[in-house]
Amino acid sequence: MTTRLKDCFLIPFFHQNSEKGDFVSAHSFQEIPFEVQRVYYLYDVKADRKSGQHANIQNQQVMVAVKGSFKVRLHDGQETQTFNLDQANEGLLVREGIWREVFDFSKDAICLVLCSEKFEEGDYLKDWEVFMDWKLKNIYPA
(Lines give C-alpha, C1' and ligand atoms only; values in the text may rest on other atoms or scores of the structure.)
Protein backbone atom coordinates (compact mmCIF):
# COMPACT_ATOMS: atom_id res chain seq x y z
CA MET A 1 0.00 0.00 0.00
CA THR A 2 1.56 3.26 -1.06
CA THR A 3 -0.18 5.48 1.50
CA ARG A 4 2.25 7.73 3.34
CA LEU A 5 2.12 10.01 6.36
CA LYS A 6 1.32 12.98 4.09
CA ASP A 7 -2.01 11.22 3.38
CA CYS A 8 -2.94 11.46 7.09
CA PHE A 9 -3.95 14.86 8.47
CA LEU A 10 -6.23 16.76 10.82
CA ILE A 11 -9.69 17.55 9.44
CA PRO A 12 -11.58 20.57 10.82
CA PHE A 13 -15.28 20.03 11.52
CA PHE A 14 -18.09 22.56 11.55
CA HIS A 15 -18.20 24.06 15.03
CA GLN A 16 -20.72 26.44 16.53
CA ASN A 17 -21.03 27.59 20.10
CA SER A 18 -23.90 29.39 21.74
CA GLU A 19 -25.25 30.00 25.22
CA LYS A 20 -26.79 26.50 25.01
CA GLY A 21 -23.41 24.85 24.39
CA ASP A 22 -21.16 23.70 21.58
CA PHE A 23 -22.27 21.93 18.42
CA VAL A 24 -19.97 20.00 16.06
CA SER A 25 -20.95 18.20 12.86
CA ALA A 26 -19.27 16.30 10.05
CA HIS A 27 -20.62 14.54 6.97
CA SER A 28 -19.62 11.52 4.90
CA PHE A 29 -17.92 12.54 1.63
CA GLN A 30 -17.52 16.11 2.87
CA GLU A 31 -15.35 16.55 5.96
CA ILE A 32 -15.11 12.75 6.29
CA PRO A 33 -13.61 11.54 2.97
CA PHE A 34 -15.57 8.26 2.95
CA GLU A 35 -18.96 6.82 3.82
CA VAL A 36 -19.00 5.94 7.52
CA GLN A 37 -19.72 2.21 7.89
CA ARG A 38 -18.81 1.73 11.55
CA VAL A 39 -18.49 3.85 14.68
CA TYR A 40 -16.84 2.89 17.95
CA TYR A 41 -15.32 4.69 20.90
CA LEU A 42 -12.80 4.10 23.66
CA TYR A 43 -13.19 5.45 27.19
CA ASP A 44 -11.88 4.77 30.70
CA VAL A 45 -8.54 3.81 29.17
CA LYS A 46 -5.78 3.75 31.77
CA ALA A 47 -3.11 6.41 31.17
CA ASP A 48 -0.35 3.79 30.85
CA ARG A 49 -2.27 1.66 28.32
CA LYS A 50 -1.91 1.70 24.54
CA SER A 51 -4.52 0.99 21.91
CA GLY A 52 -4.29 0.41 18.20
CA GLN A 53 -0.89 -1.13 17.52
CA HIS A 54 -2.00 -2.28 14.09
CA ALA A 55 -2.58 -1.21 10.50
CA ASN A 56 -5.60 -1.84 8.31
CA ILE A 57 -5.37 -3.08 4.73
CA GLN A 58 -8.61 -1.40 3.53
CA ASN A 59 -10.19 0.45 6.44
CA GLN A 60 -9.67 4.19 6.82
CA GLN A 61 -10.47 5.92 10.10
CA VAL A 62 -11.10 9.37 11.48
CA MET A 63 -10.20 9.60 15.18
CA VAL A 64 -11.74 12.34 17.35
CA ALA A 65 -11.03 13.34 20.96
CA VAL A 66 -14.63 14.13 21.88
CA LYS A 67 -13.46 14.63 25.46
CA GLY A 68 -10.04 14.85 27.04
CA SER A 69 -6.91 14.08 25.07
CA PHE A 70 -4.69 11.33 23.72
CA LYS A 71 -1.83 10.93 21.28
CA VAL A 72 -1.70 8.99 18.02
CA ARG A 73 1.64 7.85 16.60
CA LEU A 74 1.48 6.96 12.91
CA HIS A 75 4.10 5.05 10.90
CA ASP A 76 4.05 4.53 7.13
CA GLY A 77 6.93 2.06 6.95
CA GLN A 78 9.57 4.78 6.64
CA GLU A 79 8.53 7.80 8.71
CA THR A 80 6.78 8.40 12.04
CA GLN A 81 4.60 11.31 13.15
CA THR A 82 2.76 11.86 16.44
CA PHE A 83 -0.47 13.86 16.71
CA ASN A 84 -1.89 15.23 19.95
CA LEU A 85 -5.68 15.07 19.78
CA ASP A 86 -7.43 17.33 22.26
CA GLN A 87 -10.08 19.22 20.22
CA ALA A 88 -13.61 17.87 19.71
CA ASN A 89 -13.99 19.91 16.51
CA GLU A 90 -11.30 18.12 14.48
CA GLY A 91 -10.48 14.58 13.55
CA LEU A 92 -7.34 12.77 12.46
CA LEU A 93 -7.63 10.93 9.14
CA VAL A 94 -5.70 7.66 9.37
CA ARG A 95 -5.48 6.11 5.93
CA GLU A 96 -5.31 2.43 5.11
CA GLY A 97 -1.83 0.92 5.20
CA ILE A 98 -0.69 3.14 8.10
CA TRP A 99 0.42 1.67 11.45
CA ARG A 100 -1.15 3.43 14.43
CA GLU A 101 -0.60 3.45 18.16
CA VAL A 102 -2.91 5.40 20.49
CA PHE A 103 -1.51 6.31 23.90
CA ASP A 104 -1.20 8.87 26.70
CA PHE A 105 -4.94 9.02 27.37
CA SER A 106 -6.11 11.69 29.80
CA LYS A 107 -8.29 10.38 32.63
CA ASP A 108 -11.47 11.74 30.99
CA ALA A 109 -10.56 10.85 27.37
CA ILE A 110 -13.17 9.61 24.95
CA CYS A 111 -11.79 8.56 21.56
CA LEU A 112 -14.46 8.37 18.85
CA VAL A 113 -13.49 6.44 15.70
CA LEU A 114 -15.36 6.67 12.39
CA CYS A 115 -14.52 3.84 9.98
CA SER A 116 -14.84 3.41 6.23
CA GLU A 117 -15.41 -0.35 6.54
CA LYS A 118 -17.34 -2.75 8.74
CA PHE A 119 -15.21 -4.81 11.12
CA GLU A 120 -13.32 -7.58 9.35
CA GLU A 121 -10.62 -9.42 11.32
CA GLY A 122 -8.66 -10.19 8.13
CA ASP A 123 -8.23 -6.44 7.46
CA TYR A 124 -5.93 -6.05 10.48
CA LEU A 125 -2.13 -6.33 10.45
CA LYS A 126 -1.31 -6.70 14.14
CA ASP A 127 2.33 -7.78 13.95
CA TRP A 128 4.92 -5.07 13.24
CA GLU A 129 7.20 -7.34 11.18
CA VAL A 130 4.26 -8.61 9.11
CA PHE A 131 3.19 -4.99 8.52
CA MET A 132 6.69 -3.95 7.41
CA ASP A 133 6.97 -6.93 5.06
CA TRP A 134 3.50 -6.23 3.60
CA LYS A 135 4.27 -2.52 3.25
CA LEU A 136 7.56 -3.11 1.44
CA LYS A 137 5.95 -5.62 -0.94
CA ASN A 138 3.22 -3.09 -1.78
CA ILE A 139 5.59 -0.14 -2.19
CA TYR A 140 8.11 -2.09 -4.28
CA PRO A 141 6.18 -4.95 -5.94
CA ALA A 142 8.30 -7.66 -7.58
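Note that the numbering runs from 1 along the sequence shown for the chain.
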What is the minimum heavy-atom distance between [X] and [Y], and which atoms define it?
X    : Y    : value
H75  : T80  : CD2-OG1, 2.7 Å
C8   : F83  : O-CZ, 4.1 Å
S106 : G68  : OG-CA, 3.3 Å
A109 : S69  : CB-O, 3.4 Å
M63  : C111 : CE-SG, 3.8 Å
S116 : Q37  : O-CG, 3.0 Å

First locate atom [atom1] of [X], then atom [atom2] of [Y], and finally report the distance between them rounded to the nearest 0.5 Å.
X    : Y    : atom1 : atom2 : value
D76  : Q81  : CG    : CD    : 9.5 Å
D86  : F70  : CG    : CZ    : 9.5 Å
I57  : E96  : CD1   : CD    : 11.0 Å
E79  : K6   : CD    : NZ    : 10.5 Å
M132 : L125 : CE    : CG    : 12.0 Å
E117 : Q58  : CD    : CD    : 6.5 Å

Item to complete: State yes or no: do F103 and V72 share one hydrophobic cluster built from I, L, V, M, F, W and Y residues joined by side-chain heavy-atom distances below 4.5 Å, directly or via other members?
Response: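 As far as the 4.5 Å side-chain criterion goes, V72 and F103 are not connected within one cluster.
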Worksheet item: Is there a path of hydrophobic side-chain contacts, each under 4.5 Å between heavy atoms of I, L, V, M, F, W or Y residues, that connects F14 with L92?
Response: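 Hydrophobic grouping puts F14 apart from L92.
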Item to complete: Report the C-alpha separation of E35 and F29 in whole Å, then their side-chain angles, then the decisive distance to 0.1 Å, and conclude whether the side-chain contact (heavy atoms from CB on, under 4.5 Å) test is met.
Response: CA-CA 6 Å; E35 181 179 3; F29 300 117; 3.5 Å; yes
Discussion item. Could you check whether any side-chain heavy atom of L10 comes within less than 4.5 Å of a side-chain heavy atom of L85, counting everything from C-beta outward?
Written reply: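 Side chain of L10 against side chain of L85, heavy atoms only: contact under 4.5 Å found.
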Worksheet item: Does the side chain of D22 reach to within under 4.5 Å of the side chain of Q16, using non-hydrogen atoms?
Response: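 Result no, sub-4.5 Å side-chain heavy-atom pair not found.
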Discussion item. Both conditions, 6.0 Å and 45 degrees, for the charged tip of K135 above the ring of F131: are they met here?
Written reply: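 No, K135 does not sit over the ring of F131.
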Fill in: Pair K126 + E121: basic N to acidic O under 4.0 Å
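E121 and K126: salt-bridged.
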Fill in: CZ/R49: more than 12 non-hydrogen atoms of other groups inside 6.0 Å
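Incorrect, the count does not exceed 12.
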Discussion item. Show, in sequence, the C-alpha distance, side-chain angles and deciding distance for L42 and F105, and conclude whether the side-chain contact (heavy atoms from CB on, under 4.5 Å) test is met.
Written reply: CA-CA 10 Å; L42 307 169; F105 289 86; 4.3 Å; yes
Worksheet item: How about D123 and N56: does a side-chain donor come under 3.5 Å of a side-chain acceptor?
Response: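 The answer is yes; a qualifying pair exists.
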Worksheet item: Will you find, in the side chains of Q61 and R100, an N or O donor that is under 3.5 Å from an N or O acceptor?
Response: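 Distance-only check passes for Q61 and R100.
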Discussion item. Going by side chain to side chain donor-acceptor pair (under 3.5 Å), name the residues that satisfy it together with S25, two or more places apart in sequence or in a different chain.
Written reply: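 Side chain to side chain donor-acceptor pair (under 3.5 Å) check on S25 returns nothing, list empty.
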Worksheet item: Who are the salt bridge (Lys or Arg N to Asp or Glu O under 4.0 Å) partners of E101, not counting sequence neighbours?
Response: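 By the salt bridge (Lys or Arg N to Asp or Glu O under 4.0 Å) rule, E101 matches K50, R73.
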Practice prompt. Share the residues that join F34 in a hydrophobic cluster, the rule being Ile, Leu, Val, Met, Phe, Trp or Tyr side chains under 4.5 Å apart at the heavy-atom level.
Written response: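 Besides F34, the cluster holds F9, I11, F13, V24, I32, V36, V39, Y41, Y43, V62, V64, V66, L93, I110, L112, L114.
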Fill in: Test log, rule ring pair (Phe, Tyr, Trp, His ring centres under 6.0 Å), inputs Y124 and F119
CA-CA 9 Å; Y124 286 73; F119 177 79; 5.5 Å; yes
